Amino acid sequence: NDFFLFRKKALRETQIIQNCKYFIGRTSFDKRMATFLSPDSSYFHCHEFIRKDFFKNQWDYPMGDKVICVSVLKGTTYKGIDLLMETCSLLMKYSTRVFEFKVCGVQVNEEIITILKKNFKNRLDLSHIKFLGKLNTVELINQLCTSNIFVHPSYIENSPNSVCEAMVLGMPIVSTNVGGITSLIDDKIEGILVQEGEPFSMAAAITELIKDYDYARALGQNARKRSLNRHNPDKLVDSMLEIYKTIMQENDRK
């Protein structure tokens with residue numbers, strides 16, 4: 001049912017794109033989609049605004065006896081909750097470390113979690129995965145800053161705010177390489193990118209960062225440096241105003 005709802009939404013958005021003359025996008029992925037579906041349109045680039053509280057905080061969480069991974073997701077299949085649980089299962093089986101996975105934004109009683117729990121009940125100790133539900137900004141920042149690694153397992157993305165916010169905090173990130181993610185993160189410079197749907201690759205990447213936590217911290221610092229510049233609110237305001245100015249001039253509007 002989730003798949004068909006997503007497909008219906010995608011078809012509806014495709015029709016909207018085909019009828020648009022102007023686009024404001026953020027990644028090479030959405031630029032390709034816009035120029036493919038509406039080749040006569042004009043495309044403008046401007047990154048998204050990030051909640052201001054994220055700029056006031058910085059990640060610096062030491063490695064302890066327990067490795068804490070955190071994700072910010074929605075309760076839909078294409079966000080990769082199954083991949084996250086499969087990755088957790090592999091780490092429990094093959095690693096000597098103790099892991100805890102925190103999932104922000106998803107309630108434990110959501111339908112997808114009920115289904116996945118049944119599928120994983122014989123392969124995964126579910127007590128190691130905490131579904132924290134929807135959090136306010138302060139609560140979310142606290143969960144991120146008290147975790148070791150940010151994990152993004154999605155199958156479909158453009159430029160997820162959750163990844164951008166983790167970068168602003170300076171977190172080590174492991175993410176699937178989908179959609180516009182490569183416009184946000186340079187692999188092995190600002191995070192580690194892995195093939196979507198590959199739990200062994202994701203588990204191995206997490207293990208790599210655990211074994212070399214100085215490297216993990218360096219990735220986070222690089223991510224923070226890039227994202228602070230990318231999401232600078234003053235620059236984004238200037239960019240957005242310039243885009244609107246250009247569009248209005250093209251249409252002879254004052």
Side-chain angles (χ1 to χ4, degrees), residues 13 22-31 33-34 43-61 68-76 78-80 84 102-106 132-154 156-187 189-193 209 216-244:
E13 291 182 353
Y22 299 101
F23 294 94
I24 300 175
R26 305 185 290 266
T27 69
S28 59
F29 173 74
D30 63 32
K31 182 178 182 179
M33 294 301 100
Y43 181 91
F44 299 91
H45 179 87
C46 185
H47 285 290
E48 63 261 61
F49 289 85
I50 298 300
R51 288 174 282 185
K52 62 182 181 180
D53 287 345
F54 282 86
F55 293 92
K56 301 175 184 177
N57 293 271
Q58 185 171 355
W59 174 91
D60 185 19
Y61 195 70
I68 303 175
C69 298
V70 64
S71 301
V72 182
L73 303 171
K74 294 180 181 179
T76 55
Y78 63 88
K79 285 297 183 178
L84 192 71
K102 301 187 296 188
V103 183
C104 306
V106 180
L132 304 180
K134 294 182 179 180
L135 306 175
N136 63 38
T137 302
V138 174
E139 292 170 335
L140 178 57
I141 290 173
N142 179 62
Q143 292 297 336
L144 295 176
C145 288
T146 54
S147 302
N148 300 112
I149 299 171
F150 185 89
V151 181
H152 192 69
S154 188
I156 302 172
E157 280 298 355
N158 182 34
S159 59
N161 276 18
S162 60
V163 171
C164 295
E165 289 170 345
M167 292 180 72
V168 168
L169 290 176
M171 291 193 71
I173 296 172
V174 174
S175 173
T176 49
N177 187 3
V178 294
I181 294 292
T182 53
S183 293
L184 304 178
I185 298 173
D186 283 339
D187 186 29
I189 297 176
E190 294 141 353
I192 296 183
L193 304 182
L209 296 185
R217 289 174 181 272
L219 293 178
Q221 291 170 359
N222 292 340
R224 178 174 169 82
K225 181 179 179 181
R226 179 176 180 179
S227 59
L228 286 176
N229 178 65
R230 181 173 66 214
H231 301 289
N232 181 293
D234 294 330
K235 292 174 62 175
L236 294 181
V237 168
D238 291 341
S239 179
M240 188 67 73
L241 290 175
E242 188 62 31
I243 290 170
Y244 285 131

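In this text the structure is predicted, and so the values were computed from the model without any measurement.
A pairwise comparison of heavy atoms in Ser147 and Met171 identifies O-CE, 4.1 Å as the closest pair. What you find for Lys79 and Lys74 is that their closest heavy atoms are CB-O, 3.7 Å. Residues Lys102 and Leu132 approach most closely at CB-CD1, 4.1 Å, considering heavy atoms. The shortest non-hydrogen separation linking Cys46 to Met240 is SG-CE, 3.9 Å. Considering all non-hydrogen atoms of both residues, Val163 and Ile173 come closest at O-CD1, 4.0 Å. Nearest approach of Phe49 to Pro233, heavy atoms of both residues: CE2-O, 3.8 Å.
A heavy-atom distance below 4.5 Å is not found between the side chains of Ser71 and Val106. Side-chain contact between Thr146 and Ile68 is absent, with no heavy atoms from C-beta onward closer than 4.5 Å. Side-chain atoms of Ile243 and Ser239, non-hydrogen and from C-beta on, do get closer than 4.5 Å to each other. Two residues are said to be in side-chain contact when any heavy atoms from C-beta on lie closer than 4.5 Å; Phe29 and Ile181 fail this criterion. Using a 4.5 Å heavy-atom threshold, the side chains of Val72 and Leu144 count as touching. A 4.5 Å side-chain heavy-atom check between Trp59 and Arg217 finds at least one atom pair inside the cut-off. A 4.5 Å side-chain heavy-atom check between Asp30 and Tyr43 finds at least one atom pair inside the cut-off. A 4.5 Å side-chain heavy-atom check between His45 and Lys31 finds every atom pair outside the cut-off.
In this structure, Asp238 has no salt bridge (charged side-chain N to carboxylate O under 4.0 Å, His left out) partners at least two apart in sequence or on a different chain. Partners of Arg226 by salt bridge (charged side-chain N to carboxylate O under 4.0 Å, His left out), not counting sequence neighbours, listed by chain and number: Asp186, Glu190. For Lys52, there are no salt bridge (charged side-chain N to carboxylate O under 4.0 Å, His left out) partners, not counting sequence neighbours. Residues satisfying the side-chain hydrogen bond (donor to acceptor under 3.5 Å, both in side chains) criterion with Lys235, sequence neighbours excluded, are Asn229.
For residues 172-184, every residue pair satisfying the side chain to side chain donor-acceptor pair (under 3.5 Å) rule, not counting sequence neighbours, is listed here: Ser28-Ser183. Sorted by first and then second residue, the pairs that involve residues 158-175 and meet salt bridge (Lys or Arg N to Asp or Glu O under 4.0 Å), not counting sequence neighbours, are Arg51-Glu165.
Between Ile149 and the options Leu219, Ile192, Val174, a side-chain contact (heavy atoms from CB on, under 4.5 Å) holds for only Val174.
We find the CG-CE distance between Asn161 and Met167 to be 12.5 Å, quoted to the nearest 0.5 Å. Separating the CZ atom in Arg26 from the CG atom in Asn158 is a distance of 5.5 Å, to the nearest 0.5 Å. Note: Asn136 CG to Asn142 CG = 10.0 Å, rounded to the nearest 0.5 Å. The CZ atom of Phe54 sits 8.5 Å away from atom SG of Cys145, with the distance rounded to the nearest 0.5 Å. A distance of 7.5 Å separates OG in Ser154 from CG in Leu73, rounded to the nearest 0.5 Å. Separating the OG atom in Ser162 from the CD atom in Glu157 is a distance of 6.5 Å, to the nearest 0.5 Å.
Between the side chain of Arg224 and the backbone N or O of Val168, at least one donor-acceptor pair lies under 3.5 Å.
Counting non-hydrogen atoms of other residues, nucleotides and ligands closer than 6.0 Å to OH of Tyr244 gives a total of 12 or fewer.
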Requested in this report: Begin with the C-alpha distance, continue with both residues' side-chain angles, and end with the deciding distance and a verdict on side chain to side chain contact (heavy atoms under 4.5 Å, CB included) for Arg230 and Leu184.
Outcome: CA-CA 9 Å; Arg230 181 173 66 214; Leu184 304 178; 3.9 Å; yes
Requested in this report: Dump the intermediate steps for side chain to side chain contact (heavy atoms under 4.5 Å, CB included) on Phe44 and Glu242, then the final yes or no.
Outcome: CA-CA 10 Å; Phe44 299 91; Glu242 188 62 31; over 6 Å; no
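The aromatic rings of His152 and Phe150 lie parallel to each other, their planes meeting at an angle below 30°, with 60° marking the opposite boundary.
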